[in-house]
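Note that the structure is a prediction, hence the values are computed from the model and not measured. Labels below follow one simple rule: chain letters A, B, ... track the order of the sequence lines, proteins then strands, and each chain is numbered from 1. Below, all heavy atoms of this structure are taken into account, side chains as well, without hydrogens, waters or symmetry copies.
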Number of protein chains: 4
Amino acid sequence: MRRLPVAVVGATGYSGEELVRLLSRHPEVELTALVSQQHAGKRFGEVLPYLPEDLACRKLEHLTPEEIASRAKVVFLALPPGVSSRWGSVLRGSGCVVLDLGPDFRLKDPGLYPRYYGWEHPFSELLEQALYALPELRRKLIPSFDLLALPGCYPTGVLLSLVPLVEKDLVVPGSVVILGLSGVSGAGRKLEARLLFGEMVGNSYAYGFPQHRHLAEMEEELQRWGSRATGALTFIPHLVPVHRGILLTIVFQLDRPIGREECLEIYRLRYGKEPFIRIRDETPESAPQLRSVVGSNRIELAPGVDPRSGRGWVLAALDNLGKGAAGQAVQVLNLRFGWEERTGLDPYPIAFA
Amino acid sequence: MRRLPVAVVGATGYSGEELVRLLSRHPEVELTALVSQQHAGKRFGEVLPYLPEDLACRKLEHLTPEEIASRAKVVFLALPPGVSSRWGSVLRGSGCVVLDLGPDFRLKDPGLYPRYYGWEHPFSELLEQALYALPELRRKLIPSFDLLALPGCYPTGVLLSLVPLVEKDLVVPGSVVILGLSGVSGAGRKLEARLLFGEMVGNSYAYGFPQHRHLAEMEEELQRWGSRATGALTFIPHLVPVHRGILLTIVFQLDRPIGREECLEIYRLRYGKEPFIRIRDETPESAPQLRSVVGSNRIELAPGVDPRSGRGWVLAALDNLGKGAAGQAVQVLNLRFGWEERTGLDPYPIAFA
Amino acid sequence: MRRLPVAVVGATGYSGEELVRLLSRHPEVELTALVSQQHAGKRFGEVLPYLPEDLACRKLEHLTPEEIASRAKVVFLALPPGVSSRWGSVLRGSGCVVLDLGPDFRLKDPGLYPRYYGWEHPFSELLEQALYALPELRRKLIPSFDLLALPGCYPTGVLLSLVPLVEKDLVVPGSVVILGLSGVSGAGRKLEARLLFGEMVGNSYAYGFPQHRHLAEMEEELQRWGSRATGALTFIPHLVPVHRGILLTIVFQLDRPIGREECLEIYRLRYGKEPFIRIRDETPESAPQLRSVVGSNRIELAPGVDPRSGRGWVLAALDNLGKGAAGQAVQVLNLRFGWEERTGLDPYPIAFA
Amino acid sequence: MRRLPVAVVGATGYSGEELVRLLSRHPEVELTALVSQQHAGKRFGEVLPYLPEDLACRKLEHLTPEEIASRAKVVFLALPPGVSSRWGSVLRGSGCVVLDLGPDFRLKDPGLYPRYYGWEHPFSELLEQALYALPELRRKLIPSFDLLALPGCYPTGVLLSLVPLVEKDLVVPGSVVILGLSGVSGAGRKLEARLLFGEMVGNSYAYGFPQHRHLAEMEEELQRWGSRATGALTFIPHLVPVHRGILLTIVFQLDRPIGREECLEIYRLRYGKEPFIRIRDETPESAPQLRSVVGSNRIELAPGVDPRSGRGWVLAALDNLGKGAAGQAVQVLNLRFGWEERTGLDPYPIAFA
């Protein structure tokens, strides 16, 4: 049987590289184009010297959307904001299925985009054709969409953490405080002094507050799942000296007092059959850790209740390049084409490797 | 002029080692005893092979409190809970000035101790003789006490972060959420699998919640500074792969809306002359980082207001072994004996080194 | 078709854990016993909290060799020196195929063992039944042996680096200097202070010289491949702050002057078809890096000639837990049972993940 | 008494920053100019946000050599090859004492320069006025020179390691193999992808061989100390994931067999009174480690003899920014002006901090 021809645009960033790794061993697809404007003409292994030979020898190309459309049925975009919508628009016009890892098609309200990205959305007419493709919340809708907006890494963790309680109206609006820890790859493979080894080792700090771009999609999505708006989230992310991984600690007021067991049961019922979600419930102190998820498409959640304050919390761990980007994109691909959801995805975290 | 003879009990733990480093170059004191039960009889350099020669050649001794009292006028205790109060009791009876880096003399309410430490306080009658010696809050009282309880590392950061607003009743009781990030040395030099390099590198996770031992002293102290109790704090610390340093992100409801400038002004007025506190106020995004403080006795604070939610926050960075332990102990020593407060303390963070 | 039942003894060490990871997804085998004396009775996930659920739920057992033999046809031993030979002896008596990752069956000369391990070999009569199973050098012999001694991590790298030149008598006897860099997992999951995160981060040092245990097998093997003894090797390994990986820099006198191209050609001819060996020959400065190999069963070699001194060198990189231990054990298993050599082995390094 | 006015040109590189740190607390000097072309006009703290306030508030300036000469009597140059000689030439013409941390004035033979740096030396007539200022080898000459060329970081370690044996003709010419490990700061604060945290963490590799620029000065200097040329050195440096520090492992043939004790005695006699050299001789396995030296001006040496091969070795550890650059520059400053040699220099390594 013929494999589905797929292309990756933006193949040499961290997310693009991870996509290539996953797709190159996915049994149902064939990688027909690796697109990189910056490194076009080089072999992949010249840019990333640690690639195995079969990928190292492949050419990076500078292709137009039309050229890509002539080679691939499905195109993954790992591009900066404002750029991916341009590519997406042409590729959709050429009939390609587009999976966009950037933020351009995530928001439904076009008025939010300029507030967070600084310019008018260039293709806002496409927004209604796009699905915010978080598989655990939108599994059934995915097969009927051809423009799939992959959620951001932080929003993936925040939404999976909060939706089970929000849809039961258990979270007091306006009470949510989100603290994020992110590995350095979350900033992309950028040549910035603050990302040098010598600047980051032994260091940690908060960044990107008070108005991180991911807030827009978190808030817009959350308000769809409860009967009332969740209100303004306070979100303070931090950079920590690891390569990959996101840790989230989310604290909020509970609308009515519930116990730990009741809280856990809500998550077990919601996610019990999910292949990539693990509820950590061994003890009240069980905490997700980066080790458990980095290199895999898994997310770990540990919901709990503070017996002293009555506040609720959810702790979460996911890989920003896995479940937060490339892994989730492959999961969505599998759902879109009716393949087994885990096809081509790592069952094990790196740390276990 | 004769130098003051001082002793360190528990010299080979991380805090003890740092104390020895600072005291060994302090111009007013002479280190007359390095006490270690575990390593008694060895030279210091056998336990810590990277020590400079003048310290490497010194003997670690197993001494009784009485023997110590015959050699030293001031004794620093870097011992586990339950142990330091025993030493402190005898040493005080012998007339020594005691600076205890452990938690045994920090709480005023003896009923809190068993709830957090698991056993009755063995020397609760001494609690009223002890001062909770956070220099920026108790500077004037320090010279008149001989039993000085050094605050824990997290409480040092939390109290310096919150007291300026609490004493103006600006923090809504029961609304405080504290996220902590701590380097691995915060757990001490313990032989536990989770602290091995191979387990911690690339990893991060929450721990010690919901009822971390430091909560007791944070809550007991905070309620002294406002006109009403601050209520139960929600405190979730995390371990990150750095050796030293604590980052705190504290979020709370403001009792009345204030702007960023007003908020900053409160901190500038409170701490403007403090030699070891720096208010980071360059931009709304200025964040303290570990680099700025590790290896020094400094703490950096960045207070702010979330314009979207109206919540207040304080971000803080300090060195758990510096301002959070040994550095602060030396600062208290300086104040106790009327020396310039910065004597023997590093003006520069390690990162700058 | 029924899968081959296999057991792992010593499942909770770093090598054992990696073996379990690889075997648990190997399509031809079934893991029928996970043996751990230290942690018997616990679930695997209690010891290693980051394991995926299917492995986390498995019981660790304390079994006798006889009990293991009743459950498994093939047994992997990841045990300390002196211990594995005892297990190997009984298991061989019960008819099991034994793959020993420890050093007990590596040497042919029983007189060498006490010199390097400090005691008489307890089962020296078994040595002649054992094969030193380095696949690239002994591929054809592997199927006919039932007691397979896996080479040590350093020897795997040193032998693959030197044999192509040694068998052409190009290395001047007595001239070989070997520098090794090893990740911390090379020391095993031991509770030693020097292996704590706080002691190892930012640190590096030489260790285990002048007489590292791996010298015995390196020297014994090397002399089989040339027409004359290679003589005493000088081997100085270093610990560096990474979790996994070995880097080798081997320098020696060339018996006759050869150019870089001639040197490379010798390696290409020797290893050109090897699925797990990559010759890095892009430029004279091409150097293997840990990133290229960690998490995979690959080894990278970069042979070269110093134009200034006429000396030869080989640089090598491999994963001490992959090609240096568990990965190579699975490669040997595949060869022993006639399966495709790459079955169950990772094509990609972790860094690419 | 008035302090000596000094300037630093290239203040925002790693060496320049470390120089500023040391000079800013040196009791005999006053920092009168911080020169940075790239960041002129900014405050120092804008470029390096972790600086303490007294340095953070200082202006970085774009000054001509003449302007500098009007403000400072002594100028430290931390500039790239080819650039510092231009500055040095003008500054010497203006009567300043110049301490150059770059390589332009290190070689005596002007014919070597183009071979290693790729262009003709632009001011070769100045070479004979310059002293290769390695304090332990040239202490007495330093006060009479006004153009002081600081040795490179690797050469500092190699020369201090080998000279005691070379001057006794104990090292067989042409037999020296040098393996270096360097922290990432050795590459400078450059925006190169390979120096990003995400590329370097967990990684290590050899670089800069076969003809590292430091070879020229090592070989030129070494041949001055023995009665015969030491011959071509083989030098292979490696990058390891630490911020600071150099480890050297040097192996060579001994001209006549000597024992470990005799070997140690040679070093003790040569360096016994040196304030910054420590001979590690506790056991045959005593190895210098980065922890012992990083952040200080110390170098640790462990000479030894391989009883199996009769080869000699020296292991060394130093801080590339301390004894290998800025620390040594301050040591030379002290000697040049007749101050106590340790003035302003750290007695303790960072790790101990």
Side-chain angles (χ1 to χ4, degrees), chain A residues 174-181 183 194 198-211 215 219 231-236 238-247 249 251-253 284-292 294 302 304-311 313 315 317 350-351, chain B residues 174-181 183 194 198-211 215 219 231-236 238-247 249 251-253 284-292 294 302 304-311 313 315 317 350-351:
Chain A
S175 77
V176 182
V177 174
I178 303 168
L179 301 153
L181 272 62
R194 67 186 179 97
E199 309 298 305
M200 199 58 224
V201 69
N203 206 2
S204 294
Y205 50 85
Y207 73 98
F209 58 91
Q211 193 161 339
L215 270 170
E219 291 181 356
L233 309 171
T234 293
F235 173 45
I236 307 189
H238 300 71
L239 211 57
V240 294
V242 304
H243 181 35
R244 294 169 70 146
I246 280 180
L247 219 54
T249 295
V251 181
F252 45 84
Q253 296 292 342
E285 297 82 26
S286 295
Q289 45 180 289
L290 296 187
R291 286 250 150 169
S292 306
V294 168
V305 179
D306 184 351
R308 299 172 66 259
S309 69
R311 263 187 216 105
W313 69 57
L315 311 181
I350 283 178
Chain B
S175 77
V176 182
V177 174
I178 303 167
L179 171 91
L181 272 63
R194 69 187 178 96
E199 310 296 307
M200 199 58 224
V201 69
N203 206 3
S204 294
Y205 50 85
Y207 72 97
F209 60 91
Q211 193 163 337
L215 270 170
E219 291 181 355
L233 309 170
T234 294
F235 173 44
I236 307 190
H238 300 70
L239 211 58
V240 294
V242 303
H243 180 35
R244 290 169 75 147
I246 280 181
L247 218 56
T249 294
V251 181
F252 44 86
Q253 297 291 341
E285 298 80 27
S286 295
Q289 46 180 288
L290 297 188
R291 285 249 152 170
S292 305
V294 169
V305 178
D306 183 351
R308 300 172 67 259
S309 69
R311 262 186 217 107
W313 68 55
L315 310 181
I350 283 179

What distance separates [X] [atom1] from [Y] [atom2], expressed to the nearest 0.5 Å?
| X | Y | atom1 | atom2 | result |
| --- | --- | --- | --- | --- |
| A/Leu247 | B/Asn203 | CG | CG | 8.5 Å |
| B/Thr234 | A/Asp306 | OG1 | CG | 4.0 Å |
| B/Arg291 | A/Arg194 | CZ | CZ | 14.0 Å |
| B/Ile236 | A/Leu179 | CD1 | CG | 8.5 Å |

Within-4.5 Å side-chain heavy-atom neighbours: [X] and [Y]:
| X | Y | value |
| --- | --- | --- |
| B/Val177 | A/Arg311 | yes |
| B/Glu219 | A/Arg308 | yes |
| B/His238 | A/Val240 | no |

Excluding sequence neighbours, so at least two apart, what forms side chain to side chain donor-acceptor pair (under 3.5 Å) with A/Ser286?
-> A/Glu282, A/Thr283
Exercise: identify the closest heavy-atom pair between [X] and [Y]:
| X | Y | result |
| --- | --- | --- |
| A/Phe209 | B/Glu285 | O-CG, 3.5 Å |
| B/Ser204 | A/Leu181 | CB-CD2, 4.4 Å |
| B/Pro288 | A/Tyr205 | O-CB, 3.5 Å |

Among the options A/Leu233, A/Val201, A/Leu239, A/Val242, pick out the one with the most heavy-atom pairs lying under 4.5 Å from chain B.
-> A/Val242
What part of [X] gets within 4.5 angstrom of chain B, counting heavy atoms only: side chain, backbone, both, or neither?
| X | answer |
| --- | --- |
| A/Ala206 | both |
| A/Leu215 | side chain |
| A/Pro284 | backbone |

